[in-house]
Amino acid sequence: MSDFNQLVVESAAKQFTLEGDIISVQPFGSGHINDTYRVVTTVDSGISHLLQRINHHVFPNVDGLMHNIEIVTKHLSKKVKVAEGKRISDHVLTIVPTKDGKLYIKDSQDNYWRMFILIEDTKSYDIVETEVQAAEGGRAFGLFQKQLSDLDASSIVEVLPNFHNIEFRLENLRKAIAKDVCQRVASVKDKLDFIFSREDRMKTILELGSKGELPLRITHNDTKFNNVLLDRHDKMQCVIDLDTVMPGYVAYDFGDAIRTIINPVAEDEKDVSKILLNLALYKAYAEGYLEEANDFLTTLEKETLVDGAFLLPYMQGVRFLTDYLEGDHYYKTKYEDHNLVRTNTQLTLVEEMEKNEAFMRKVVFDCI
Ligand code: GN1
Ligand code: MG
């Protein structure tokens, strides 16, 4: 939020345990929900800090959210450097406490703030460029799930219930259609036809889960590729954005990552003719992911990974379109049709993947 009052942001930053005086606080990153700032201080110790204003309309249980992150990061910290002879990342997202030892603050205007260490010399990619990057992303998220596979799930609060429940998301879309508060429904009829004609096949994972055939695990639930930090040699450093770490099915994380990796253009590209799937990156990610995940996943979990790859762009399309119909109150938007443009890219991805389903399944099959 670049128009946010600078003084309010700086006074929030001052309440965390920072060394030295603050030199600058500048907007940072491309998240759609929280507002992120990079904080630079006079002490040049090779690290800087990220201050975030938590969107508490999206995350009403800020306390539960921050405790989840604390539990997860503590658990991950115990797991670093596990595999002998094999290079893995030794970075875990690190919370910077407030001066009175808390995980976050609430200011006088009801803004919630938290701070993390920013790992220097790392980069996140909105668009993946090389197979090396894709494979590293796959390893990072595979390792992340593996390292959390022995965390007691009951210690984690489900901060956003039904987050990846497609029936819930479709129900919300139906409610938005019925209300049609912005009179936009008539103009998106083709999108709605596309969505509702695929409804049944998108419920596969949910149905297998409800029958108890797929285990619920602790998953990341926002595995956009830009939530992995890579170093200058494109080696994975850290998985970030742990807000949505909750119980889920592994295929959801696989699918959300593929949604951003296979797409050669931005999530809000207006020209959908540019969406020509990058299947080499898909393959590299799947191989990297399964290198880490093959040994702890069940056969059925592996078989449903590709269902997740279809489901997540579909569900993201449903969510963007619902927000468009409801008047754009959830995702940050920069222009009037932004959410509709985003819907288009997601549904086009689904359509393009449908043409390549056999290949996508074969890649996973060959790895398992
Ligand atoms: C949101 O804020 P950000 O960019 O990390 C959203 C994700 C979506 C994503 C789409 C809590 O993530 O679920 O996949 O936008 N986060 C929440 O880009 O809704
Ligand atoms: Mg997020």
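Just so you know, these numbers come straight off a predicted model, no measurement behind them. Each ligand, and each atom within it, is numbered from 1 in the order the structure gives.
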- Euclidean distance, M115 CE relative to I95 CD1, rounded to 0.5 Å: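 If we round to the nearest 0.5 Å, I95:CD1 and M115:CE are 12.5 Å apart.
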Just to confirm my output: which protein heavy-atom neighbour is closest to [atom], and how far is it?
| atom | answer |
| --- | --- |
| atom 7 (C) of ligand 1 | D222 OD1, 3.8 Å |
| atom 15 (O) of ligand 1 | H32 CD2, 3.4 Å |
| atom 9 (C) of ligand 1 | K224 NZ, 3.7 Å |

- More than 12 heavy atoms of other groups within 6.0 Å of K283 NZ: no
- Item | Sub-4.0 Å heavy-atom approach of Q346 to ligand 1 | no
Min N/O separation [X] to ligand 1 under 3.5 Å:
| X | answer |
| --- | --- |
| D241 | yes |
| N227 | no |
| I33 | yes |

- Note on the structure: Protein N/O/S atoms closer than 2.8 Å to the Mg ion (ligand 2), ordered by chain and number, come to D222 OD2, D241 OD2
- Shortest heavy-atom approach to atom 8 (C) of ligand 1 - which of Q316, M315, K332, H164: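 Among Q316, M315, K332, H164, the closest heavy atom to atom 8 (C) of ligand 1 belongs to Q316.
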- Identity of the nearest option to atom 6 (C) of ligand 1, non-hydrogen atoms only, from R342, R319, E267: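 It is R319 whose heavy atom sits nearest to atom 6 (C) of ligand 1.
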- H56: what forms a ring-ring contact (aromatic ring centres under 6.0 Å, His included) with it, not counting sequence neighbours?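 Here the qualifying residues are Y112.
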- Message: Is the positively charged end of R139 above the ring of Y289, judged by distance under 6.0 angstrom from the centroid and angle within 45° of the axis?
- Response: no
Tell me whether [X] is salt-bridged to [Y], with the criterion being a basic N under 4.0 Å from an acidic carboxylate O.
| X | Y | answer |
| --- | --- | --- |
| R217 | E301 | yes |
| K332 | D35 | yes |
| R184 | D180 | no |
| D256 | K224 | no |

For [X], take its heavy atoms, then give the atoms of ligand 1 lying under 4.0 Å from any of them.
| X | value |
| --- | --- |
| Y330 | 11 (C), 17 (C), 19 (O) |
| Y331 | 15 (O) |
| F59 | 11 (C) |

- Message: Going by salt bridge (charged side-chain N to carboxylate O under 4.0 Å, His left out), name the residues that satisfy it together with K123, two or more places apart in sequence or in a different chain.
- Response: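 For K123 there are no salt bridge (charged side-chain N to carboxylate O under 4.0 Å, His left out) partners, ignoring immediate neighbours.
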- Ring centroid separation H220 to F141 under 6.0 Å: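 Under 6.0 Å, so yes.
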- Message: Between R38 and V25, is there a side-chain heavy-atom distance shorter than 4.5 Å?
- Response: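 No - every pair of side-chain heavy atoms lies 4.5 Å or more apart.
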- Message: Run the side chain to side chain donor-acceptor pair (under 3.5 Å) test against E131 and tell me which residues pass, sequence neighbours left out.
- Response: none
